[in-house]
**Student:** 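My questions all concern the structure below.
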Amino acid sequence: MQLTEIEQTKLNQVRLDQSWKEGLANFLLSSQMDELKAFLVAEKNANKLIYPPSSLIFNAFDITPLYNVKVVILGQDPYHGPDQAHGLSFSVQKGLALPPSLRNIFHELNTDLAVPVSKHGDLTKWAQQGVLLLNSVLTVEAGQPTSHQKRGWENFTDHVIDVLNERREHIVFILWGAYAQKKGQRIDQTKHLVLKAAHPSPLAANRGGFFGCKAFSKTNNYLKQHGIEPIDWQLDA
């Protein structure tokens, strides 16, 4: 993509990993991104508390560059409680109680691969190995779940999925719940593995379809079949 000097200057101002910045340049330079930024600025000017903090909004992309992605775990919105969200889907910072969905994820991981249940919910180690922990919406107002839906983030993350779909091969997309599965309809399943199951939230998981999905072992088996280093899912030393 050939950029004008003005476009390059605008792109340089975006605080995002360089590989993603190049891959997502079309969207980052679009009017849709301008509208999304204007919305976030207006929210902050109205003294609304936004999670995660600005420096962590693109944390998933900073930890997992475009060409390092092996797996995508697609979430919906960031956690809206104090200090929970840090830019990685389903993950919370160390020292915080495990949210119910994450407890169920750890339970399934233990059942699937006998990985001990972690004492903390920080999934950074997964992200460092190539697991893109992607929420569909990257910000939320404190105490107001889904408050930043339909403001432009969904278009941004659709573009993320499109870039991975087109530029990469043999990525495992883990889609838990109807929302993630609908968003994943754009994925080319001849190039990538798509794993679907119920959402790990207690209401959905207890109805069946999440426990026993074996997403973690299926992911590693697929990666190994294609000569890709599998994920070490164990978080605690």
**Student:** Taking only Lys NZ, Arg NE, NH1 and NH2, and the carboxylate oxygens of Asp or Glu, determine whether Lys218 and Asp112 approach each other closer than 4.0 Å.
**Tutor:**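 Salt bridge flag = no for Asp112 with Lys218.
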**Student:** Is any side-chain heavy atom of Thr219 less than 4.5 Å from a side-chain heavy atom of Val131?
**Tutor:**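 They are not in contact (no side-chain heavy atoms under 4.5 Å apart), so the answer is no.
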**Student:** The criterion is ring pair (Phe, Tyr, Trp, His ring centres under 6.0 Å); which residues satisfy it with Tyr67, sequence neighbours excluded?
**Tutor:**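 Counting only residues at least two positions away or on another chain, Tyr67 forms no ring pair (Phe, Tyr, Trp, His ring centres under 6.0 Å).
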**Student:** Kindly say whether Thr4 contributes a backbone atom to a donor-acceptor pair with the side chain of Glu7 at under 3.5 angstrom?
**Tutor:**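 Side chain of Glu7 to backbone of Thr4: a pair is present.
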**Student:** Is it the case that atom CD in Gln18 sees more than 12 heavy atoms from other parts of the structure closer than 6.0 Å?
**Tutor:**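 For Gln18, atom CD is crowded (more than 12 foreign heavy atoms under 6.0 Å).
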**Student:** Do Leu175 and Lys182 touch side chain to side chain, with heavy atoms closer than 4.5 Å?
**Tutor:**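 No. Closest side-chain heavy atoms not under 4.5 Å.
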**Student:** Rounded to the nearest 0.5 Å, what separation is found between the CD1 atom of Ile228 and the CG atom of Asn220?
**Tutor:**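 So the CD1 of Ile228 and the CG of Asn220 are separated by 11.0 Å.
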**Student:** With side chain to side chain contact (heavy atoms under 4.5 Å, CB included) as the criterion, how do Ser91 and Trp126 come out once you've worked through the C-alpha distance, each side chain's angles and the decisive distance to 0.1 Å?
**Tutor:** CA-CA 10 Å; Ser91 180; Trp126 294 1; over 6 Å; no
**Student:** Evaluate side chain to side chain contact (heavy atoms under 4.5 Å, CB included) for Leu24 paired with Leu16, printing each intermediate quantity in order.
**Tutor:** CA-CA 10 Å; Leu24 301 170; Leu16 186 62; 4.2 Å; yes
**Student:** Rounded to the nearest 0.5 Å, what separates atom CG in Leu11 from atom CD in Gln13?
**Tutor:**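 The CD atom of Gln13 is 9.5 Å from CG of Leu11, to the nearest 0.5 Å.
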**Student:** Are Asn165 and His192 close enough that some pair of their side-chain heavy atoms sits under 4.5 Å apart?
**Tutor:**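 They are in side-chain contact.
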**Student:** State, yes or no, whether a side-chain contact exists between Val92 and Pro99 at a heavy-atom distance under 4.5 Å.
**Tutor:**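 SC-SC contact between Val92 and Pro99 confirmed.
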**Student:** Do Lys183 and Thr157 meet the criterion of a side-chain donor-acceptor pair at a distance under 3.5 Å?
**Tutor:**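 A pair is found: one side chain offers a donor N or O, the other an acceptor, under 3.5 Å apart.
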**Student:** Between Asp232 and Gln129, is there a side-chain donor-acceptor contact under 3.5 Å, judged purely by atom types and distance?
**Tutor:**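 No donor-acceptor contact under 3.5 Å links the two side chains.
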**Student:** Run the side chain to side chain contact (heavy atoms under 4.5 Å, CB included) check on Ile187 and Val72 step by step: do they pass?
**Tutor:** CA-CA 12 Å; Ile187 299 164; Val72 178; over 6 Å; no
**Student:** Using modelled atom types only, decide if a donor and an acceptor are shared between the side chain of Glu108 and the backbone of Lys214 within a distance under 3.5 Å.
**Tutor:**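 Yes; at least one donor-acceptor contact below 3.5 Å.
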**Student:** Quick one, Asp83 with Gln93, criterion side-chain hydrogen bond (donor to acceptor under 3.5 Å, both in side chains). Give me CA distance, side-chain angles, the key distance, then yes/no.
**Tutor:** CA-CA 7 Å; Asp83 301 319; Gln93 303 197 64; 5.6 Å; no
**Student:** Tell me whether the count of non-hydrogen atoms from other residues, nucleotides or ligands lying under 6.0 Å of NZ in Lys191 goes above 12.
**Tutor:**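 It does: Lys191 NZ has more than 12 such atoms within range.
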**Student:** Can you tell me if Lys37 has over 12 outside heavy atoms packed within less than 6.0 Å of its NZ?
**Tutor:**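 Counting neighbours around NZ of Lys37, more than 12 heavy atoms of other residues, nucleotides or ligands fall under 6.0 Å, so yes.
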**Student:** Compare all side-chain heavy atoms of Asn104 with those of Pro202 and state whether any distance is below 4.5 angstrom.
**Tutor:**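 Of all side-chain heavy-atom pairs linking Pro202 with Asn104, at least one is under 4.5 Å.
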**Student:** Once the angle between the rings of Phe156 and Phe58 is folded into 0 to 90°, is it parallel (under 30°), tilted (30 to 60°) or perpendicular (over 60°)?
**Tutor:**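 Phe156 vs Phe58 ring planes: tilted.
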**Student:** Would you say that Ser147 contacts His80 through its side chain, given a criterion of any heavy-atom pair below 4.5 Å between the two side chains?
**Tutor:**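 No. Closest side-chain heavy atoms not under 4.5 Å.
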**Student:** How many angstroms lie between CD in Glu154 and CG in Leu36, if you round to the nearest 0.5 Å?
**Tutor:**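 These two atoms lie 9.5 Å from each other.
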**Student:** Do Ile57 and Trp153 come within less than 4.5 Å of each other through their side chains, counting heavy atoms only?
**Tutor:**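 Ile57 vs Trp153: side chains touch.
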**Student:** Give the ring-plane orientation class for Phe90 versus His199, where under 30° counts as parallel, over 60° as perpendicular and anything between as tilted.
**Tutor:**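 Correct class here is tilted.
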**Student:** For the CD atom of Glu141 and the OH atom of Tyr51, what is their distance to the nearest 0.5 Å?
**Tutor:**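 Here the rounded value is 10.0 Å.
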**Student:** For Arg186, give me all partners under salt bridge (Lys or Arg N to Asp or Glu O under 4.0 Å), at least two apart in sequence or on another chain.
**Tutor:**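 Result, salt bridge (Lys or Arg N to Asp or Glu O under 4.0 Å) vs Arg186: Asp158, Asp162.
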**Student:** Measure the acute angle between the ring planes of Tyr222 and His226, then classify it against the limits of 30° and 60° as parallel, tilted or perpendicular.
**Tutor:**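 Because their plane-to-plane angle lies in the 30° to 60° range, the rings of Tyr222 and His226 count as tilted.
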**Student:** Hey, are the side chains of Val140 and Gln76 touching, using non-hydrogen atoms and a 4.5 Å cut-off?
**Tutor:**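 They are not in side-chain contact.
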**Student:** What distance do Leu56 atom CG and His86 atom NE2 have between them, rounded to the nearest 0.5 Å?
**Tutor:**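 Separation between the atoms: 8.0 Å.
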**Student:** Under the side chain to side chain contact (heavy atoms under 4.5 Å, CB included) rule, what do Val160 and Leu132 come out as? Steps first, then yes or no, please.
**Tutor:** CA-CA 11 Å; Val160 170; Leu132 181 66; 4.2 Å; yes
**Student:** To the nearest 0.5 Å, tell me how far Leu193 CG sits from Ile171 CD1.
**Tutor:**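 Rounded to the nearest 0.5 Å, the CG-CD1 separation comes out at 11.5 Å.
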**Student:** Answer yes if the side chains of Gln8 and Asn12 hold a donor-acceptor pair under 3.5 Å, and no otherwise.
**Tutor:**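 Short answer, yes.
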